[in-house]
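In what follows, chains are A, B, ... by sequence order, proteins preceding strands, each numbered from 1.
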Number of protein chains: 2
Amino acid sequence: MSTDLTRTAILRAAERLYADRGFGEVTLRDIVAAADVNLAAVNYHFGSKDELIAELFVTRSIALNRERLNELKAAEAEGNGRAPIEAVLRALIGPTLRGCLGPGSERSDAARFMIRASIETIPPIRKIKNREIDHLRKFAAAMRRSLPGKSDEDIYWGLHFALAMAHQTVRDSERLTRLSDGKCDVDDVIGVIERVVAVATLALTGGGAAGSEKTAARRR
Amino acid sequence: MSTDLTRTAILRAAERLYADRGFGEVTLRDIVAAADVNLAAVNYHFGSKDELIAELFVTRSIALNRERLNELKAAEAEGNGRAPIEAVLRALIGPTLRGCLGPGSERSDAARFMIRASIETIPPIRKIKNREIDHLRKFAAAMRRSLPGKSDEDIYWGLHFALAMAHQTVRDSERLTRLSDGKCDVDDVIGVIERVVAVATLALTGGGAAGSEKTAARRR
DNA sequence: TTGCTTTTCAAACGTGTGTATGAAACTATC
DNA sequence: GATAGTTTCATACACACGTTTGAAAAGCAA
């Protein structure tokens, strides 16, 4: 079986290219050129371009979800089944941010690929993505255990906002750097994680009621 | 001159299709079919597909930025040059959210198109986008006026997070709805705006130090 | 009307794409 | 070393895309 060198060469090249340029801008010929294999190899090993993308996405999804859940489990074990909300949030957004940010060498194609996949929704990925909801529900449940007082609505909004901040920081790190003239250092991965966790925690706990029912008036 | 009916028919159809399906999934033939005009009309009136997209984006950018700035100016005028931070944030994210969320009829293709454009960065748009930074700087300045004590770093992170939350709420409203089994109502536009504003305000003011220098330790 | 410009239209062109083919090269088992 | 199975390769195919073309139609001034 020999671990199929060609197969993995294609996978790695495709992942890197998709992460760098996005799905729309990468052709099969780009991939085989980068992997230094023949054009027909993709269809031979994967069947089609879409199946290649799907395999990539499924593999990485599973790995990311496992990493998140491992961190969550560890945190909950440490607190006898109830982790502080900060730890839950850290388990949720840490893996992606650690993989995507940071100076050069330590950036992972895998994490950046997943961000791309979550942005550019293309057909082969769309179907698989539904499972993510089940995964996120586990985090919602953990958050509920951490904050027994909070309503489901607030929990879900907090989860949503935490992902939004982490996500956009990866996506638009360049804009933030330029906008702030380098004052916001997205290469300080731990700092970014703590900042997102802090804000999300505030959103969930701070002020008491951060939008708890009063859709009332306001706004001119 | 007659207002060039064909031209605007193409623009409207293109905007709607791009907003619905994204740039990668819409062909010129789709557009002319929806606009009920001949295929060659696009090249005749706009020169190329990219120029059509660029015109669409420039027009809508200007309109959105003007709307934001008008709200900002109004808020600052009301407070003699210094608006409460909530009002500044509301001026920043309100226009987009009002245009994108809400039940059916009141959703605007324009706002949804702009969200698409901010997600799927395609060549014709990339170049123009740099101007957005200058626009956002005006909001950073207004925020600095509202919160004289805060560091630039915190200001920019707050701006960034506010946009992130608003943005992702539009992009992934469906996921949030499904995840929360409808408990999070994204059709309650005012409620969503106030929630984002509240969290962003907390991020900027709450807790005192939401990540103010201590990159120290934490996290295994 | 006439003559000129502007706009529409059907059809075709060239290119880049994902995919298929069939022969050649390789690998392993007997 | 011959044979069968697997993998590679150059090449070609079919198709969809953005764009071009040249003629027909419409608009409009005199």
Side-chain angles (χ1 to χ4, degrees), chain A residues 1-58 113 116-117 120-128, chain B residues 1-58 113 116-117 120-128:
Chain A
M1 170 181 309
S2 79
T3 74
D4 230 328
L5 210 62
T6 303
R7 243 186 96 92
T8 68
I10 293 173
L11 284 171
R12 288 212 203 293
E15 184 167 51
R16 199 175 66 77
L17 288 174
Y18 284 138
D20 285 346
R21 305 187 208 161
F23 294 103
E25 316 284 316
V26 175
T27 162
L28 267 191
R29 284 166 175 83
D30 292 336
I31 295 173
V32 298
D36 199 34
V37 300
N38 186 271
L39 174 59
V42 173
N43 289 280
Y44 177 76
H45 284 283
F46 298 93
S48 71
K49 186 193 188 186
D50 281 3
E51 289 175 84
L52 164 63
I53 295 177
E55 173 165 338
L56 219 34
F57 181 70
V58 168
F113 171 85
R116 282 284 183 193
E120 303 176 27
T121 306
I122 55 175
I125 287 183
R126 201 159 338 187
K127 310 167 195 167
I128 311 169
Chain B
M1 164 180 314
S2 80
T3 75
D4 230 328
L5 210 62
T6 303
R7 241 186 98 92
T8 68
I10 292 173
L11 284 170
R12 288 212 204 293
E15 184 167 52
R16 199 175 66 78
L17 288 174
Y18 284 138
D20 284 346
R21 305 186 207 162
F23 295 103
E25 316 284 315
V26 175
T27 163
L28 227 42
R29 285 168 172 84
D30 292 336
I31 296 173
V32 298
D36 200 34
V37 302
N38 186 271
L39 174 59
V42 172
N43 289 280
Y44 177 78
H45 285 282
F46 298 91
S48 70
K49 186 192 189 186
D50 281 4
E51 290 175 84
L52 164 63
I53 294 177
E55 172 163 341
L56 219 35
F57 182 69
V58 169
F113 170 85
R116 283 282 183 193
E120 302 176 29
T121 307
I122 56 175
I125 287 184
R126 202 159 338 189
K127 312 168 195 169
I128 312 168

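One interatomic measurement links the two molecules: CG of Asn43(A) to C1' of dT8(D), which rounds to 13 Å at whole-angstrom precision. Between the C1' atom of dT17(C) and the CZ atom of Phe23(A) lies a distance of 17 Å, rounded to the nearest Å. Atom-to-atom, CG of Leu52(B) to C1' of dT19(D) comes out at 14 Å; the value is rounded to the nearest Å. Atom CG of Leu5(A) is separated from atom C1' of dT6(D) by 16 Å (rounded to the nearest Å). At whole-Å resolution of the value, CZ in Phe46(A) and C1' in dT19(C) are 16 Å apart. We find that CD1 of Ile10(B) is positioned 12 Å from P of dT7(C), with the value rounded to whole Å. In this entry the distance linking OH of Tyr44(B) with C1' of dA25(D) reads 13 Å, nearest Å.
Val58(B) pairs in a side-chain contact (heavy atoms from CB on, under 4.5 Å) with only one of the listed residues (Ile53(B), Ile125(B), Ile128(B)), which is Ile128(B).
Between the side chain of Asp20(B) and the backbone N or O of Leu17(B) there is no donor-acceptor pair closer than 3.5 Å.
With rounding to the nearest 0.5 Å, the separation of CZ in Arg116(B) from CD1 in Ile122(B) is 11.5 Å. The CG atom of Leu28(A) sits 6.5 Å away from the CG atom of Leu39(A) when rounded to the nearest 0.5 Å. The distance from atom CD of Glu15(B) to atom CG of Leu52(B), rounded to the nearest 0.5 Å, is 10.0 Å. With rounding to the nearest 0.5 angstrom, the CZ atom of Arg16(B) is 8.0 Å from the CZ atom of Arg21(B).
Not one side-chain nitrogen or oxygen of Ser48(B) sits closer than 4.0 Å to the OP1 or OP2 atom of dG18(D). When the side-chain nitrogen and oxygen atoms of His45(A) are compared with OP1 and OP2 of dT8(D), one or more of them lie within a distance under 4.0 Å.
Taking the six-membered ring for Trp and thresholds of 30 and 60 degrees, Phe23(A) and Tyr18(A) have ring planes inclined between 30 and 60 degrees apart.
Counting only residues at least two apart or on different chains, the side chain to side chain donor-acceptor pair (under 3.5 Å) pairs with a member in residues 36-49 of chain B are Ser48(B)-Glu51(B).
Against DNA chain C, the stretch residues 25-40 of chain B makes heavy-atom approaches under 4.0 Å through Arg29(B), Asn38(B), Ala40(B).
Each end of the helix from dT1(C)-dA30(D) to dC30(C)-dG1(D) gets its own axis from five base pairs, and the two axes differ in direction by 0°, given to 10 degrees.
Residues Phe46(A) and Arg7(A) are in side-chain contact: their nearest non-hydrogen atoms beyond the backbone lie under 4.5 Å apart.
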